[in-house]
Structures are given as C-alpha cells and as structure tokens.
Amino acid sequence: MSQSAKADGDQGKAGASALGRALAWLPALLEPVMRFAQRVLGARRMPWLFLAPNLLIFGTFTFLPIIINFYYAFTGGVKLFPSERPFTGMENLATLFDCRDYFDPSTCRKDIFWQAVYNTAKFAVLQVGLMVVFSVITALVLNRKIIGRGFWRGVYFYPVLLSPVVVALIWKWILQSQGVLNGLLVGVGVAPTEWLTSASWMFFWVILVSIWAHMGFYTLIVLAGLQAIPKDLYDAAQMDSASPWRVLRRITLPLLMPNLLVVIVLALIRAVQIFDEVFVLTGGGPGTATTFLVQFIYQTGFAEAIHLYGLAAAASLVLAGALLVLTLLQLKIAGGGEIKDGKAKGGAGHA
Amino acid sequence: MPDALRFLTRTSGRARLDWTDWLSYAYLFVGLFLMFGPVLWIVMSSFKTQSGLTDFPPSFLPYGQKSVQVAGNEARLPLYRVKMPDGSTRELAELRRIGLTATMIDPAKPGEEIPVNIKDREKTSELRVATENYTELFGKLSFGRYLWNSVFITVVATLITLLFNSMAAFALSKYRFRGQKTVFLLIIATLMIPPTIILVPNFLVISNLGLLNSLWGVIWPAVATPTGVFLLRQYMLTIPDELLDAARMDHASEWQIYWRIVLPLTAPALAVLAIFSVMWRWNDFLWPLIVLSRSELFTLQLALNAFQGELQTEWNYLLAMTVITIIPVTLVFAFLQKHITTGIASSGVK
Amino acid sequence: MSTLQLKHIDKRFGDTVVLRDIDLEAAEGEFVALVGPSGCGKSTLLRIISGLEPTTAGEIILDGKRVNDVSAAERGLAMVFQSYALYPHMTVYQNMAFGLENTGTPKAEIERKIGDAARMLQLDVLLQRRPTQLSGGQRQRVAIGRAIVRNPKLFLFDEPLSNLDAELRVQMRAEIIALHQRLKTGMIYVTHDQVEAMTMADKIVVLRAGQVEQTGTPLELYNSPQNRFVAGFIGSPRMNFIEAVVTARDGRGLTLALAGFEPQATINVAVDPAAAAHGTAVMLGVRPEHLEVAEGAGAPDTVTVQIAQVEQLGGHGFIHCTLPTSKRSLVVQFQGQIASRAGATVTLRIPPAACHVFSTAAGEPALPPLHGAG
C-alpha cells in the first residue's frame with residue numbers, strides 16, 4: 001500500500017475524515033452532471049474537465065491581467081478601459097526613470113518612486129539578513145534536546161498566523177507615545193521617545209515588526225533542513241572529538257547551506273513585496289520614510305485622487321523585473337531549474 | 001579551551017543540564033515573552049476603560065478609576081485620593097476642573113466644595129474589566145456585518161478552493177495526457193507571479209465582470225491557488241495508480257474515482273490546505289481593500305484599518321475588535337498547529 | 001464461462017515496442033498463465049485484456065465479440081492486483097460492495113453475494129475491518145473476494161502472490177487452484193515465477209521482449225521447449241547448456257563433440273540428422289535432473305568433471321561442477337545422498353534421449369527430435 005499516504009493519514013485521520021464526510025455532499029451533488037459529461041466527452045478528455053475551473057480562474061485573474069498590465073504600462077491617461085487609453089509608448093517608464101542623479105531621489109521627477117525603491121532595497125537587505133540570522137539561531141535551539149519542542153516551535157510560529165492588520169495594530173498600540181514601551185522605559189529611568197513620528201526609529205521598527213511577524217515561518221523551514229541532516233554524522237563527529245563549535249561550522253552549516261539559500265531568496269521575494277503591515281502601521285510615513293514599492297503602486301493607481309493606472313502598471317513591471325531575477329536565482333539554487341517533481345520550493349505570493 | 005567546552009557539553013542529553021542548555025532555555029523564554037507578550041498586552045488592554053487606556057505609565061491589569069454617586073449630581077463623579085494641606089489624606093470626588101485647580105467634594109458631605117491643586121491628588125483606581133468594549137461593538141459599529149463578510153468570504157472561498165484545486169491536482173497527478181506538462185508548468189509559474197504586480201489589470205477585470213464592491217470579487221480570484229494544486233498533487237502522487245485501476249474495473253466513473261477513492265485518501269493534505277486557505281482569506285488585506293470600497297462590505301481587516309485611521313480613534317473598541325479578529329486564528333493555531341507546521345515543512349509554502 | 005481470443009496484438013508506448021503480434025486463445029474455464037522475465041510485457045498484456053490499456057493494433061475478442069472499444073468497466077472482467085489495490089479508507093465489506101454499488105445492484109443482493117464470497121474465503125469475521133488491519137494473506141483473500149462478487153466472465157491475476165512470503169505463497173497457490181476448480185471460471189494469471197505457472201496453469205504462454213516464445217501445457221513446455229529461452233526458463237534448477245560441434249550424422253541421430261572437457265567428450269543425441277550439417281556449432285541442453293552419476297570413466301556418453309560444490313538436501317541434492325577448459329559449469333541433481341566432496345572428479349552420463357539440441361542461429365530454435373525418439 002502507499003506508505004506515505006498511510007503514515008500521514010493515520011495521525012489526522014479521525015478529524016480529516018470527519019471533515020471529508022461533512023464536505024462530501026458537494027462532489028456527490030455534481031455526480032449526475034459529471035456522469036453525463038463523461039458520456040459526452042469520453043474518459044480520455046475528463047482530465048481537461050477536471051482542470052477547467054482552475055485554468056479558467058488562472059486565465060482570468062492571472063494570465064489575462066499580465067497581458068493587460070503590459071498594455072497599461074505603455075498607455076497613458078486616467079481612464080480605466082483600455083480602449084479609452086492613448087498609446088504613449090515608453091513614456092510611463094521614462095517618467096519613472098527621469099532622474100538627474102539616480103542616487104539622490106530628490107532630483108527625480110517621481111521622487112517618491114525612487115524613495116520607495118531605495119527604501120525597499122534597504123529594507124529587504126536588512127530585514128532578510130537579520131531574520132535569517134534569528135531564524136537559524138532559533139532553529140538551532142529548537143533542534144536541541146529540549147523539553148516541549150512542539151510548544152516552543154509553536155511560540156515562534158504564532159505571529160505568522162496573525163493578519164498584517166492585526167500585527168500593525170498590536171505594534172502601533174505598543175509604540176504609541178503613551179504606550180507600554182515608553183512606560184517600561186520610564187520605569188527604568190530612560191526618557192520616553194516618540195517612536196511613531198521619528199523617521200529613523202520607524203524604519204527600525206518596521207524591520208523589527210516584520211521580523212517578529214514572519215520569522216517563525218523561516219525558522220520552520222530551517223528546522224526542517226536541520227532535521228534532514230543525518231544523525232550519524234553527529235555521532236561520527238563525536239567519535240572524531242570535534243568541538244561543538246567545529247561541529248556547527250564544519251557539519252551543520254555547510255549541510256544546511258542549500259536550505260538556507262532557498263530561505264534567503266524566498267525571504268527576499270517576500271520582502272520586496274512588503275506592504276500590508278507597514279501600510280497600516282505607518283501609512284508610509286513619517287514623510288516617505290517607510291514608503292515601499294507596492295505602496296507606491298497602490299497609491300498611484302488607487303488611493304490618490306487621480307488614478308494613474310499607467311504609471312502604476314509601469315512600476316509593477318519594475319517590481320516584476322526584480323522578482324523575476326530573484327525567482328530565477330531561486331530556481332537555479334533549488335536544483336538547476338528543475339521543477340519537475342516537487343522540487344519547486346515555495347513561491348512568491350501568499351496564495 | 002576546546003577541552004573545557006567539550007567537557008562542559010559532554011553531559012548534554014543526560015539528566016543534568018549544562019550551561020548550553022541553560023542558555024537555550026533562556027533564549028526560549030525571552031522568545032516566549034517577545035512573541036506572546038505583544039499579543040497578551042493587546043488582550044489585557046482591550047479590557048480597559050477608555051480612561052484606563054490613557055493612563056501613563058500603563059498598568060498591566062485593567063484598572064479603572066473609581067467613581068461615586070453623589071447626591072445632587074446626575075453623573076457619577078470620579079474619585080481621587082487627595083493630600084490635604086494639614087497632611088492628612090482624604091478620598092474626594094471631582095465636581096469640575098478649571099486649569100490647575102479642581103473643585104472637589106466629599107461624597108459623605110456633599111454640601112462642602114473643596115478647591116484642590118491637581119498636583120496634590122491621585123486617581124483612586126480599582127480593578128475593573130470593561131466588558132462593554134466587546135458588548136457595545138455589535139450595536140455600535142456594524143461589527144456583526146464585518147464579521148459576517150469575513151466569515152462568508154473565508155468559508156465560501158475555502159470550499160471552492162478545496163474543490164477546484166483537488167480537481168486540478170487529480171487531473172495532473174493521475175492522468176497522462178497531451179499538454180499535461182505544459183499545464184503543470186503554467187500553474188507553477190503562477191506561483192512565481194505575486195498578486196501584487198497585477199493589481200491594476202486585475203482591478204479592470206473585476207470591474208468588467210461587475211464584481212467590484214461584491215464579496216465574490218474577493219472570492220473568485222483567490223480560489224485557484226497554485227500552492228494548493230501543488231500541495232495536493234504531490235500528495236496524490238503517493239496514492240497508487242492500481243487503486244484507480246481497481247475502481248475502473250469496479251465500474252466507477254472518473255468522477256466517482258475522484259471523489260470516492262482519491263479525495264478521501266487525500267484528506268490529510270486537504271486538511272492542511274483548508275487551514276491555509278482559512279488563514280489566507282481571513283487575513284487578506286490588499287485585494288479586499290481594492291475591491292471593496294463600500295463600508296457595509298468591509299471585512300474585519302478592512303474595518304480595523306478604516307477604524308484606526310480615523311482622527312479620533314476609539315482605541316477601546318478597536319482593541320476589542322482586534323482581539324475578536326485574533327480569536328479564530330488562535331483557535332486554529334492551538335488545535336491544528338501540528339498540521340500547519342508539518343504542512344509548511346513538507347511543502348515549503350505558506 | 002467465456003472464451004478469450006487475442007489476434008495480432010501490438011502495443012507501443014511512443015517509440016518503444018512493448019508487445020508485438022501477440023496471438024492467444026483461452027478456452028472456456030481455462031487457466032492460462034502468462035509467464036516471462038520482468039519487462040517482457042506480460043503485465044501490459046493483462047492490462048490490455050482488462051481494458052485498462054488500449055492496444056496499438058490487433059483485436060481482443062471476448063465470447064466472439066470484438067471488445068477493443070469496450071471500457072474496462074463494461075467488459076465484465078475482474079482483476080486481482082499485485083498490491084491488491086484495496087481501498088484503504090473502506091472496510092472489507094465496503095471494498096467488496098463498491099463495484100456492485102456502482103452497477104446499481106440491489107442492497108440485499110450485495111449482502112448475499114458478499115456473504116457467500118466471505119464464507120468461501122473465510123473472511124466472515126473480517127468484514128468490518130480496514131485493509132491496514134489485515135495480514136498479507138487476508139488482504140489477498142479480500143482482493144480475490146472483491147473479484148468473485150462481481151461474478152466476472154474471466155479472472156485476471158497480476159502477480160498476485162509476489163508480495164507474500166514463501167510459505168503463504170504455497171498456501172494461496174493451493175487456494176487459487178481450489179477456487180478455479182470450484183468456480184470453473186477462466187483465469188488469466190500473470191507471473192514471473194515459472195513454478196507458479198507450472199503448478200497452476202492448464203496452459204502456459206511464455207513471453208520474452210514482447211513476443212510469445214511458446215504456448216503449451218506445462219509438460220509440453222518442459223519436455224519439448226521450442227527454443228533455448230523456453231528451455232532455460234522452464235524447469236528448476238535451470239537446464240545446463242554446453243557448446244558443441246556436430247562431428248557425425250547417422251540414423252540414430254547426431255554425434256556431438258562437447259567443448260570444454262578433458263579428455264575430449266563426444267555423445268550421441270537423438271536429433272533428426274537432417275537438421276544440422278557436419279561441423280555446425282550447436283548448443284546442447286540437458287536438465288540437471290537427467291544427468292546421472294556414472295560408475296566408471298570411459299563408458300559411452302559420459303564426461304569427466306571436477307566437483308566445485310556439493311549441496312546435500314537429504315532427500316536429494318545438487319553437484320556443481322566446473323568444466324576443465326571452459327567457463328561453463330554443470331549442475332547435477334541426484335537422488336538420496338552421496339559421499340563425493342568438493343575437489344573430487346566425477347563421471348557423468350548424459351542420456352541421449354534427454355538431450356535437447358539448439359541451433360545457435362537467431363532465436364536459438366530447438367532442432368527437431370529424431371522421429372519416434374524423445
């Protein structure tokens with residue numbers, strides 16, 4: 001029998017099969033329709049019928065939009081319907097890239113865009129760097145012989161499940177001028193700080209909050225990588241009288257490296273798309289200190305009085321370019337671009 | 001030095017704890033505080049009264065100022081502990097306050113008004129759980145409406161996700177047909193296309209379909225998840241093909257094979273996807289923010305966002321609402337943590 | 001009670017030819033074994049018969065009707081799979097009922113049929129168990145039971161015993177034979193184990209590389225294999241093969257000079273002398289159980305070899321011999337027990353009537369025996 005199906009199946013069987021029975025009415029209801037379909041189409045064409053709903057939705061909400069996005073990026077005006085939009089060629093992209101000095105956003109025509117690009121780059125590097133370090137340390141600790149490992153693993157994972165809005169509200173409440181953080185500072189005799197209105201502090205907190213919210217996910221992946229390292233290697237190292245430090249340096253980290261690279265690229269892909277929690281926490285401010293690329297797209301296309309869809313779409317192309325580079329990097333790392341059998345780790349989006 | 005280290009770590013795994021174990025546990029407890037502390041703080045704060053929330057420095061437990069009914073006054077008056085000029089301390093109620101001077105009266109002797117410098121007094125607090133933050137939510141803020149919207153989107157989208165994704169996964173794992181590889185690669189490719197970069201055109205598609213300001217406008221784009229197809233396909237690959245052959249010999253139609261043989265055997269993976277889908281839809285923000293602009297269609301997340309952006313944020317209600325939003329997630333976490341973590345560890349997707 | 005006919009069946013997966021021009025006939029109630037080494041196409045052939053796999057060319061005729069385009073479900077056959085393919089999420093009862101439910105059989109009849117089958121296979125007490133709670137032999141019986149309740153025209157077995165241990169395999173073999181005698185329904189049985197085929201089948205079809213090498217009753221295959229492959233495949237231990245050259249021909253047959261012996265050995269074999277010219281290189285085949293340990297050297301039809309190893313099993317045993325000037329070795333089966341040890345030399349008699357001679361031409365066909373001999 002299928003070993004893996006069975007092994008997995010046994011643990012959650014009671015709950016899962018109860019759930020299954022409760023939901024069986026849906027496919028049962030469709031049975032007469034499908035029986036008829038099979039008679040008309042023949043068994044050989046049935047897989048296409050099974051695929052149809054998914055492909056229809058992917059087509060409508062992913063592939064079609066990708067094509068339209070290009071159209072938008074190369075047309076101008078403020079109208080939503082493509083036929084009402086004049087073709088402007090590279091104008092949108094040119095507007096975005098109109099700078100006297102690329103390293104000084106204030107000299108750019110779209111200074112907010114460049115500010116957002118730099119903020120995003122800075123954020124991605126710092127956040128991913130710190131988060132990976134914390135994830136590895138946490139995973140190493142969780143991989144030790146500790147009491148209640150499942151509980152501790154859950155502790156670090158819990159914030160991952162919270163919605164971005166909730167995450168932002170929690171921290172906003174903590175960081176506000178009369179919040180608990182300032183309360184604690186006063187308690188130990190330090191002057192309180194206006195965290196929410198200080199640009200540099202806010203950038204720091206945005207990084208910290210996003211690490212707080214996402215670290216558990218990466219810790220899990222690193223932990224899975226650690227647990228995949230064969231135990232007898234450690235036994236062998238012990239026989240070779242290796243010190244714990246050398247075991248970490250020469251055995252654990254090198255063997256963890258492939259896993260770690262995947263984690264880094266995955267985290268970068270997500271960091272570049274940072275939006276929700278920052279938007280609610282800071283609204284992009286103070287000033288433009290925490291305005292990131294996706295927020296620029298959102299504001300340009302939807303939030304501001306004049307909806308510049310073309311400019312937003314052009315900015316999307318820039319973001320897509322960055323993501324494409326990272327994704328190709330990821331595929332290369334994950335095994336020479338082979339995505340045949342379950343080796344395509346992760347992905348960019350949430351869903 | 002290495003010798004000392006080795007000597008020290010040699011006991012790890014035995015009954016006695018060495019310093020690296022102590023360090024590990026210290027790290028874990030700090031982590032416990034940092035990870036749960038903020039959430040706990042929100043929960044505690046959500047039980048404070050509006051005035052209790054403005055206290056600085058804040059207290060951990062929900063203290064509220066004591067108040068008292070004084071004859072001749074309709075409203076209840078706040079109580080203060082006042083240091084009198086003669087050095088004694090009395091408990092007085094505040095009648096009114098002008099500048100630095102408050103006019104206070106003794107609840108026992110309502111006739112006599114006493115002027116007090118506000119430096120000389122201190123609020124009299126008592127432990128008071130402000131459950132009205134929660135009970136008043138429903139009447140006041142069409143909270144029930146937001147809750148219903150969130151629940152509707154989450155439940156319906158999850159059901160459709162499970163159905164559609166398992167159908168596609170079944171076709172991709174259990175048949176061999178021309179174009180199969182292309183379809184699979186296309187679906188995997190959508191895994192690489194984050195929704196954020198197709199916001200604008202998707203908005204056009206949704207408005208053309210007349211789904212703008214409709215809950216279905218949030219549901220439909222979300223139900224075909226590449227993650228789900230991928231996860232289920234990997235699982236279905238482990239189901240032996242001979243079972244399907246046996247079912248074919250048993251006169252089963254292809255649809256019957258799908259839902260009577262393959263679906264029940266995929267139950268553990270379906271459960272994982274169901275959990276993921278519930279989390280995704282419950283927590284969705286950016287896409288609903290774009291599709292739903294009428295406030296009666298807001299999900300909880302949108303309501304929270306709109307509410308916190310107001311000039312006069314009523315934090316007591318906002319905090320209560322936040323806590324309610326966290327509850328389902330926390331329940332899922334408490335009971336299904338193992339499924340989630342193994343699901344993530346085995347598929348590498350969130 | 002049905003007959004099955006396959007006519008010129010071809011099967012290709014892309015460019016790979018899996019089956020080529022297969023003809024097969026199974027009479028009413030006949031037990032046919034498809035046997036061959038792994039990769040010979042026997043399982044594919046069974047799946048073609050079942051309807052789970054379409055043919056590339058050729059006809060499948062069931063009870064005189066062409067069924068190529070009839071789906072697996074409609075052919076009215078039942079199959080027992082190598083892994084048993086029991087639905088793990090259903091009880092034994094549900095497993096057996098699934099097919100009947102799909103054809104709209106009334107509930108009472110389902111119950112009766114499963115009851116009958118369960119009694120026959122001693123599954124009565126297991127009906128509410130799940131497959132994971134059963135032993136290998138019990139699962140096997142459930143798989144057979146699931147096939148029986150369908151009341152099929154033919155039973156198809158795909159290596160059903162290969163997942164069982166040796167003892168259980170012998171037991172289940174007997175049960176399937178008994179079942180066949182009781183039901184009298186035709187069975188097509190795929191196996192790679194020639195012992196299973198020999199002991200169970202009325203007719204054996206030997207397949208190699210997608211082609212039928214020989215069809216016949218078990219003893220026909222044993223006594224007169226049509227080529228060297230069949231000769232080597234049927235019989236245990238394997239037939240011995242010795243290179244030889246035709247040195248003389250007469251009315252009694254051929255005289256062969258055997259390669260690899262010291263002193264030079266020649267033997268006479270009862271093969272039609274017209275079949276091979278003088279000087280032709282041939283392959284002599286003789287089964288271990290037909291070689292005899294002779295008393296003295298120098299007698300006709302004897303060879304002298306050195307013993308490499310002796311396996312004593314008590315009731316019988318085997319001598320493994322090495323040929324002095326060839327890499328080939330000989331296996332001899334003896335009855336009872338012998339005193340010879342490794343290292344000693346032994347004289348073997350090769351009875352002319354027990355010899356098979358194969359051409360070294362492509363396909364290595366057997367040379368026809370001398371008329372009246374063999």
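Predicted model, so just to flag it, every value in this text is computed and none were measured. Each chain gets a letter, A, B and so on, in the order the sequences are listed, and its residues count up from 1.
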Subject >> Most contacts with chain B, counted as non-hydrogen pairs under 4.5 angstrom, among C:Leu100, C:Val80, C:Thr103 >> reply: C:Thr103

**OP:** Verify whether the ring centers belonging to C:Tyr189 and C:Phe155 lie closer than 6.0 Å.
**Re:** no

Original post:
B:Pro264, B:Ala247, B:Ala246: which one forms the most heavy-atom pairs within less than 4.5 Å of chain C?
Top reply: B:Ala246

Subject >> Nearest atoms (heavy-atom pairs only) where C:Ala117 meets C:Gly145 >> reply: CB-O, 4.4 Å

**OP:** Could you walk me through whether B:Leu243 and B:Ile257 pass the side-chain contact (heavy atoms from CB on, under 4.5 Å) test, one step at a time?
**Re:** CA-CA 9 Å; B:Leu243 280 183; B:Ile257 291 174; over 6 Å; no

Original post:
Is there a donor-acceptor contact under 3.5 Å from the side chain of C:Arg75 to the main chain of C:Val67?
Top reply: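 Answer holds: yes.
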
Subject >> Contacting region of C:Glu101 [heavy-atom separation from chain B under 4.5 Å] >> reply: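 The answer is the side chain of C:Glu101.
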
